[in-house]
Amino acid sequence: MMDIGGGREVSSSGRYEIRIAGFGGQGVITVGKILGTAFSVFEGKNSVNTQSYGPESRGGACRSEVVVSDGKINYPYVRKADVFVALSQLAFDAYIAELKEGGILLVDPNSVRDISERDHYEVYEVPTALIAHETGNAKYQNAVALGALYPLIKDYLKESSLREAMDENVPPETREANMAAFAKGIQYIKDHYHK
Amino acid sequence: MAGPSEKNLLKPGVYYLQGNQACAEGAITAGCRVYAGYPITPASEIMEHAALRLPQVGGRFIQMEDEISSASVLLGASWAGAKAMTATSSPGFSLMQEVISFAIMTETPLVIVDVQRPGPGQGYITTSQEDVMQARWGHHGEGSIIALSPASVQEMFDFTIEAFNLAEQWRTPVLVMAEETVAHMREPLTIPPQDQIKVVNRKKPQDLGISPEEFLPYGHAMVPPMANWGEGYNVNHVSLVHHEDGNVTKYNRDIHLDSVSRIQQKIEGNTDHIARVETRFLEGCRHLVICYGSVSRTAVEAVMEARQERGIDLAFLRLVTLWPFPEKKLREIVRDVDTVFVPEMNLGMMKHPITEALRDRCNRIVPIPTLGALHSPEMILSKIYEELK
Amino acid sequence: MTRHPMLKYLKEKGPAGPRMPTIMCPGCGAGQVLNYTLHAVDEIIHNDGTRKEDFVFISGVGCSARLTSHYLNFDSGWTIHGRSLPIATGALLANPSLKIVVFTGDGDAMAIGGNHFIHTCRRNLDVTILCINNGLYGMTGGQVAPTTPTGTATATTPYGNMEEAFDLCKMAETSGASYVARWTTAHPRQTIKSIKKGIGKKGTAFIEILSQCPIHMKTPPVEMLRDFKANTVSINKSRGHGEDKILIGEFCHMERPEWTEKYQKILEQFD
Amino acid sequence: MNRLSINPDYCKGCLICVDACPGKAIGASDRVNPKGYTLPAERDMQQCNGCKLCEIVCPDFAIAVEIEEEKS
């Protein structure tokens, strides 16, 4: 697996930064938790997962981030994101400026309609809400997004790590549906972007 | 055979927990077996974790009707021999001040975690360091306090254990002044084998061969031994000015001055044992950043970058304990610097004891205030570069 | 595009941008209670001649409290958790003619605010208390409350709630409130009528409104509203045989001297 | 015939109005607002008796009934 930062205590360079944003109820926070668990529990890397939220448990802006490094992580939040997953226009507008040049941008095109300076990033458009709806429940939008994200960051972690982390962080009765939605996300990227 | 409390402790190893959860696990590891709490963002997860875990280790959890009653539970529990804790956030912390004052005067070991959020009033629900003065001066009356400032999920675990140890060792309430940043953050947490974790228990009169008849609940030593209810020591807990035996009549000013001074000196006089600071790049530095809590994670990154990119001779000092304030230690290690930067998530609070301590050790103190969110490295760096042009 | 008739009582946007839609979760009963309250207030303003500027809405903290926060086009206060009643008391002492309506929740009124609640009723101060009872702490994430049914699993009772719940109306009645009623969000017309009566009553009016929290109860709002209808029975009809069902209706409606009226007699000694 | 107005920005798709309407004049539409909430819509306004229960029970003040002027 890709070594990040060479295990030294580094400042901003030796970090791999992922940000997921949307609105309350889309499962944004769970995705961050799963990624953090995957990196730290199953890949043995150091990672910090943080979240920011408004008082609204539904509908309000919501953001979850994971900073990964083989070394020590001091500043816990994203400084310049390597990967940005945007599940709503509001979230996209709020954080696109902090995605680094050439960074990976994964959006749901049905809610993020206008992407300014598209050529600055590696853009992937996945209708996560629609796909989740097709698997039977919009609630699994975040699992679809996680599945779509995996092939784009597979240099940094194994699919098994993500699956095991999902196993630990979703209610047991939803495990099967989550795994199905996750697989659909991977498939979509394979079919549309050959990754 | 280990009783329920040992059997269900977290096995040694690496976990990926939220700061709030690590805090509750730290309390359990330290021997906390009574938890009382009340819902408040951003501290509720500590209570929720305690509600789940305490019965598993033979402890008892209760959700009380408010913060005043939650804190009051700790007095009764501690007097009845248990290690007890509650966690709240800034508005609830204000409500608990009377109990803290009471715990200081009755020398009652207990732990209160304050996951700070912005104020005043409802303020907001994100991160803050705006309660650090209330921690020291919020309770009515004299007396001192011990307050720790965790900056990571590991420290939310370690410092909660340390808080109980300090409370039991010095017979005093101890505050864990956490911040929403570390409370809601998830990071790897290493839990060492149980026998490698130091757990301190209060000294009891029985341990010192003091019989109930000879026992002075507020006597015998700078830190009096503590008798638990139910063990036949007929101890009266009183917080009116009292003699060593707890007698509150025969008021006289000398007893008043002596007893309250002892209670204060018990903490302030032992700052060297209690207080801790961390320093980096201090040798021959020209300038210095002093910080605490989660801000220290931004500050250390800014210091490294300022040194690497512009070769600025900048050192880093972190207050691990806020109170008792380590003035003597600061004056020993900071001899002669030009500018001292003090980034805080408030409008300038710890800068006051820092200014007093380094009055003749630096040319100027430059606060870097912000509210409601962690400083970004750029915020601190731009101030440093601007001031040191 | 016709606009909802009660929007005239709400601040939809301001210089700092839109304030609506409200922060409440989809299908939350608190929003319905606000709607019913505004319907009641609207009728009072038009029929009884009470001026709009005489109304004051006060709330503490919690989901119920967000109703006043910044949506109401009235004098209002979004105050301290559990302390809206002492604050209302202060307003009455300064100006007894104010029509004070307090939005509170089961936690806000009966846990942290419990002591102030029983004393306000004992004094029979002229305030209308609308207690939106969703049986849990919603804003902080679904913790147990003094009204959570025994046995319920919540964020702080993972092994099932072993405590007994309060009967809020009984407490209000025994503490001295002069008007006490219980409805549910599934009884709109009755609730509106009752709120009108409560506001019109000189003295403490306590109206408990069972309200759905679809998010933490993980149940569609429509289903919860149907349950409210099915699991309640009016005290007039029950005649004692609806024991397993929750009693709704007016429990108490009596004349008791109101605090500021009694104080007026003291003041009048010095006229 | 009475007409319904739905404010797509305020509506949160709880569909309480659909269930409350005595004549079943309102139904869930296939339209979704930017937040993904399913919006209600007129289903059979012949059944609407102008009781305005939908307006009263709406938690978000997002639905309004326009009563048709009585033709003399």
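Letters A, B, ... mirror the listed sequences (proteins, then strands); counts begin at 1.
Look at A:Glu43 and A:Lys158 and you find a salt bridge, because one of the NZ, NE, NH1 or NH2 atoms lies within 4.0 Å of a carboxylate O, short of that distance. Using a 4.0 Å cut-off between charged side-chain N and carboxylate O, A:Lys184 and A:Glu134 make no salt bridge. A salt bridge does not link B:Glu155 to B:Arg276: none of the charged nitrogens lies less than 4.0 Å from a carboxylate oxygen. Taking 4.0 Å as the cut-off between side-chain N and carboxylate O, B:Arg297 and B:Glu187 count as a salt-bridged pair.
Contacts of residues 375-389 of chain B with chain A at a heavy-atom distance below 4.5 Å involve B:His375, B:Ser376, B:Pro377, B:Glu378, listed in sequence order.
For the 3.5 Å distance criterion, the side chains of A:Ser40 and A:Ser47 qualify, holding a donor opposite an acceptor. Between the side chains of B:Glu45 and B:His184, a donor-acceptor pair is found at a separation under 3.5 Å.
Contact count versus chain A (heavy atoms, under 4.5 Å) is highest, among B:Thr181, B:Thr127, B:Thr41, B:Val153, for B:Thr181.
Looking at B:Ser294, neither its backbone nor its side chain comes within 4.5 Å of chain A, counting heavy atoms on both sides. Contacts of A:Val41 with chain B are made by side-chain atoms alone, with heavy-atom separations under 4.5 Å and no backbone atom involved. Using a 4.5 Å cut-off between heavy atoms, A:Tyr77 contacts chain B through its side chain alone, with no backbone atom that close.
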For this session: Take B:Glu25 and B:Arg53 through the salt bridge (charged side-chain N to carboxylate O under 4.0 Å, His left out) test and state the conclusion after the steps.
Result: CA-CA 8 Å; B:Glu25 283 301 332; B:Arg53 289 281 287 132; 2.6 Å; yes
Problem set entry | Intermediate values then yes/no, side-chain hydrogen bond (donor to acceptor under 3.5 Å, both in side chains), A:Gln141 and A:Thr128 | CA-CA 5 Å; A:Gln141 173 178 15; A:Thr128 53; 3.0 Å; yes
